Amino acid sequence: MRRMKPTSLLRIGWSNVSFRERPAVGKIRTKKKAKEREGLRPGEALRELISHARIRGKVAEMAQEIRRDFPHDTLHLIGVLKGSIFFLADLARELGGEVSFDFLGVASYGKGTDSTGEVKLTKDLDVGIEGRTVLIVEDILDTGLTLKYLLKLFEERKPKHLRVAVLLDKVERRIADVKADYTGFPIPNEFVVGYGLDFDERYRNLPDVCVLQFGSRGKAKSG
Ligand code: IMP
Ligand code: MG
């Protein structure tokens, strides 16, 4: 097949073109375009910490381990909004067997990268958890204050089992004495975004987990 210009490919649509014929999209992107795509603002930079492929591999391993522990139970996944949505979606699809979902909203971070240390329930569960096998699904364990609050709240509701899965664990930052039953990646004390994690609601849609770095013009709060 004759090599076509990217513009004509766009017009006819990718479905008519074999994979071998598609141009390497990364190569035709300018640096500026890549920055725009990632939503970078002046003074901000991203450094990939965990690629999407590694995340997906780890999530599949975690799902196998969880299912091995509860082979016959309906697993009731409780996603902590909003950071856990991609993790929950991928984990649920890897789990197999019966799975149900619910979501809960908490606010533990103000604007920026600093924790206020205060945890507040902004959205409660839609259904009760009494007698269920519950898995709290969290994006990241940092000080542990959010998880401590959730464990206390949920234990009072008498689930059959209560377990915790976190994708990322900033081990050094722990204040509360809590730990997850299933952990994806221990990470250093750096502010990360992507795969659901945000900075002021931005960067959640990045497929990889990246360290957000602030240059001289960026205003970084310590965190
Ligand atoms: P913790 O209560 O300090 O453990 O904080 C948990 C919550 O803080 C997580 O669910 C995240 O929403 C948020 N958080 C902690 N560290 C980061 C980070 O590096 N990037 C983005 N959000 C974070
Ligand atoms: Mg969160």
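For clarity, every value in this text was computed on a predicted model and none was experimentally measured. We count ligands from 1, going down the list as the structure has it; atoms in each ligand are counted the same way. Each residue takes its place number in the sequence, starting with 1.
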Anything under 3.5 Å between a donor and an acceptor, one on a side chain of residues 127-137, the other on a protein residue two or more places apart or in another chain? List them.
from, atom 1, to, atom 2, distance (Å)
Arg132, NE, Gly128, O, 3.0
Thr133, OG1, Asp73, OD2, 2.5

*asked:* Suppose I only count heavy atoms of Glu138 and a 4.0 Å limit; which atoms of ligand 1 are within that range?
replied: 10 (O)
_Quick check on contacts: which atoms of ligand 1 are under 4.0 angstrom from a heavy atom of Asp198?_
21 (C)
*NZ/NE/NH1/NH2 to OD/OE distance under 4.0 Å, Glu65 and Arg68*: no
_Residues Arg67, Glu94: salt bridge by 4.0 Å N-O rule_ = no
_Residues Glu44, Tyr203; criterion side chain to side chain donor-acceptor pair (under 3.5 Å); working and verdict_ = CA-CA 11 Å; Glu44 294 176 0; Tyr203 299 117; 2.3 Å; yes
*Any N/O pair Asp139/ligand 1 closer than 3.5 Å*: yes
*Proximal atoms of ligand 1 relative to Thr146 (non-hydrogen, under 4.0 Å)*: 1 (P), 2 (O), 5 (O), 6 (C)
*Relative to the ring of Phe86, is the ring of Tyr195 parallel (under 30°), tilted (30 to 60°) or perpendicular (over 60°)?*
tilted
*At a 4.0 Å threshold, what atoms of ligand 1 neighbour a non-hydrogen atom of Lys170?*
16 (N), 17 (C), 18 (C), 19 (O)
*Measure the distances from the heavy atoms of Leu212 to every atom of ligand 1 and state whether one is below 4.0 angstrom.*
no
*Atoms of ligand 1 close to Glu190 [distance to a heavy atom under 4.0 angstrom, numbered from 1]*: 19 (O)
*Taking N or O atoms only and a 3.5 Å limit, does Val192 qualify as a polar contact for ligand 1?*
yes
*Arg157 CZ: over 12 foreign heavy atoms closer than 6.0 Å*: yes
*Can a non-hydrogen atom of Arg174 be found less than 4.0 Å from any atom of ligand 1?*
no
*asked:* Taking a cutoff of less than 4.0 Å between a non-hydrogen atom of the residue and any ligand atom, is Val193 in contact with ligand 1?
replied: no
*asked:* With rounding to the nearest 0.5 angstrom, report the CG to CG distance, Asp142 to Asn189.
replied: 7.5 Å
_Over 12 non-hydrogen atoms of neighbours within 6.0 angstrom of NZ in Lys179_ = no
*asked:* If you measure every N or O of Gly144 against every N or O of ligand 1, does any of those distances drop under 3.5 Å?
replied: yes
